[in-house]
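Indexing begins at 1, ligand by ligand and atom by atom, following the structure's order. Everything quoted here is computed from the prediction, not taken from an experiment.
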Amino acid sequence: MNEKEVRRKSKFLSLVLRHQPETIGISLDESGWIDVEELLASMARHGKSMSRNTLEMVVRTNDKQRFSFDETGTRIRANQGHSINIDLGYEAAVPPEILFHGTPRQFVDSIAREGLKKMQRHHVHLHVDEQTSLTVGRRRGTPVLLSVRSLEMHEAGCEFFVTPNQVWLTESVPAAYIDFP
Ligand code: HQG
């Protein structure tokens, strides 16, 4: 299978595991999990069949490790990025001093006024490395790298969570904690 095909399958998994499980007639449990057999059967019924081996390959090779199997390999879920209402159950964690957020240039004025908002997702997404953040920002335009004084926010009582694939999540980031370039 070529890279493009793998990416297409990964995007489809993101769609059903984060946003619209109803597209293939499934629902996720309150923590975002779905039984792997049920997922594969429902995909097949909707003309999107995938073998278990292919699913495992897509999960294993995913550039951002977007998906996880549970310990027994019975269930699967997306690690973050949902727009539907689920509780991932991550433990609160102490963030590093600085976390980054990449955004397209056209959003910067609004962010300077309102801070970072979670928009359609459950959380604002932040990263430890600048490169990943710039790649995120580049999806919609010329990227601008914002530095968030995350440890200071944490000390002021804001909660942070970290996903197994090292995305840091928080409810919102007030403009006062953001350093603009
Ligand atoms: C912006 C992808 C105006 C925010 C990526 C972002 C990431 C504001 C956009 C993950 C704003 C929301 C998340 C404000 C925030 N005014 N714009 N007050 N506050 N914004 O996609 O962080 O590939 O929901 O800067 O790689 O871009 O899906 O968030 O530009 O890790 O795994 O509003 O999604 O991961 O966009 O991306 P998004 P994001 P996956």
Side-chain angles (χ1 to χ4, degrees), residues 3-21 23-24 28 31-34 39 50 55-69 76-90 93 95-96 98-150 152-153 158-181:
E3 234 176 81
K4 205 167 154 198
E5 182 69 3
V6 174
R7 199 162 50 240
R8 211 172 56 78
K9 289 187 187 301
S10 159
K11 277 189 183 293
F12 186 76
L13 283 178
S14 285
L15 175 78
V16 298
L17 297 179
R18 289 171 166 184
H19 307 298
Q20 292 171 25
T23 334
I24 53 166
L28 312 178
S31 308
W33 295 106
I34 173 85
L39 172 69
M50 194 190 289
L55 177 67
E56 284 175 6
M57 185 271 287
V58 171
V59 170
R60 192 178 59 245
T61 61
N62 190 259
D63 56 348
K64 284 174 67 183
Q65 294 294 298
R66 291 178 176 87
F67 316 103
S68 287
F69 292 105
I76 186 171
R77 76 174 178 182
N79 287 325
Q80 89 289 325
H82 301 78
S83 57
I84 51 176
N85 193 19
I86 54 126
D87 178 6
L88 291 165
Y90 295 134
I98 301 289
L99 286 167
F100 297 102
H101 181 90
T103 194
R105 195 166 52 197
Q106 64 268 25
F107 294 165
V108 171
D109 286 349
S110 162
I111 294 171
R113 282 194 307 272
E114 306 174 338
L116 283 167
K117 303 204 291 194
K118 57 188 176 176
M119 313 309 264
Q120 308 299 319
R121 305 199 191 235
H122 287 190
H123 298 96
V124 172
H125 288 213
L126 304 165
H127 292 94
V128 284
D129 69 301
E130 307 178 27
Q131 215 41 58
T132 307
S133 300
L134 282 169
T135 306
V136 173
R138 198 170 290 122
R139 291 179 303 156
R140 300 193 181 97
T142 305
V144 173
L145 188 68
L146 310 180
S147 303
V148 171
R149 297 196 306 282
S150 39
E152 212 178 303
M153 274 180 72
C158 301
E159 263 192 325
F160 283 82
F161 305 90
V162 61
T163 71
N165 56 333
Q166 297 302 307
V167 179
W168 284 83
L169 309 173
T170 194
E171 181 70 22
S172 63
V173 179
Y177 293 100
I178 304 173
D179 292 322
F180 295 84

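- For the ligand labelled ligand 1, residue Pro104 lies inside the 4.0 Å heavy-atom shell.
- Considering every non-hydrogen atom in both Leu88 and Asn79, the closest pair reads CD1-O, 3.6 Å.
- The shortest separation from a heavy atom of Arg113 to ligand 1 is not under 4.0 Å, leaving the residue out of contact.
- No side-chain donor-acceptor contact under 3.5 Å links Thr170 and His123.
- Residue Ile34 holds its CD1 atom at 6.0 Å from CG of Leu39, rounded to the nearest 0.5 Å.
- In terms of polar-atom proximity, defined here as any N/O pair under 3.5 Å, Ser110 does make such a contact with ligand 1.
- If you check which protein heavy atom lies closest to atom 22 (O) of ligand 1, you get His101 CE1, 3.3 Å.
- Within the listing of ligand 1, atoms 14 (C), 16 (N), 18 (N) sit less than 4.0 angstrom from a heavy atom of Glu114.
- When only non-hydrogen protein atoms are considered, atom 13 (C) of ligand 1 lies nearest to His125 ND1, 3.5 Å.
- Scanning all protein heavy atoms for the shortest distance to atom 33 (O) of ligand 1 gives Met119 CG, 3.5 Å.
- For atom 38 (P) of ligand 1, the closest non-hydrogen atom on the protein side is Arg121 NE, 3.4 Å.
- Using a 4.0 Å heavy-atom cutoff, Val167 is absent from the residues neighbouring ligand 1.
- With sequence neighbours excluded, the residues satisfying side chain to side chain donor-acceptor pair (under 3.5 Å) with Arg66 are Asn62, Asp63.
- Applying the 4.0 Å criterion to heavy atoms of Gln80 picks out, from ligand 1, the atoms 32 (O).
- Heavy-atom proximity to Gly115, at under 4.0 Å, picks out these atoms of ligand 1: 14 (C), 18 (N), 19 (N).
- Put simply, the side chain of Thr132 never gets that close to the backbone of Val128: no donor and acceptor are under 3.5 Å apart.
- Between Pro95 and Ser150, the shortest heavy-atom distance links the atoms CG-O, 3.6 Å.
- In the vicinity of His127, heavy-atom distances shorter than 4.0 Å reach the ligand 1 atoms 31 (O).
- Annotation: atom 11 (C) of ligand 1 to nearest protein heavy atom, Ile111 CG1, 3.5 Å.
- Given atom 40 (P) of ligand 1, the protein heavy atom at minimum distance is Arg66 NE, 3.5 Å.
- Among pairs with a residue in residues 108-122, those fulfilling salt bridge (Lys or Arg N to Asp or Glu O under 4.0 Å) read Glu114-Lys117, Lys118-Glu171, at least two apart in sequence or across chains.
- Looking from atom 37 (O) of ligand 1 to the surrounding protein, the closest heavy atom is Arg139 NH2, 2.9 Å.
- For the pair Ser14 and ligand 1, no heavy-atom separation below 4.0 Å is found.
- Counting the atoms of ligand 1 from 1 in the order shown, those under 4.0 Å from a heavy atom of Thr103 are 4 (C), 25 (O), 30 (O).
- Checking only distances, Gln120 never comes within under 3.5 Å of ligand 1, N or O to N or O.
- Protein heavy atom nearest atom 5 (C) of ligand 1, with residue, atom name and distance: Lys64 NZ, 3.3 Å.
- Arg18 approaches Gln80 most closely through the heavy-atom pair NE-O, 2.9 Å.
- Annotation for Val173 and Met153: closest pair CG1-SD, 3.8 Å, computed over non-hydrogen atoms.
- In terms of N/O distances under 3.5 Å, ligand 1 is not approached by Phe107.
- Considering every non-hydrogen atom in both Val136 and Gly102, the closest pair reads CG1-O, 4.1 Å.
- The line from CG of Leu126 to CD1 of Ile98 is 11.0 Å long, rounded to the nearest 0.5 Å.
- When every heavy atom of Leu116 is checked against every heavy atom of Val124, the shortest pair comes out as O-CG2, 3.6 Å.
- Ranked by closest heavy atom to atom 28 (O) of ligand 1, the top entry among Arg18, Lys11, Arg140 is Arg18.
- Checked by atom type and distance alone, the side chain of Thr103 never pairs as donor or acceptor with a backbone atom of Gly137 at under 3.5 Å.
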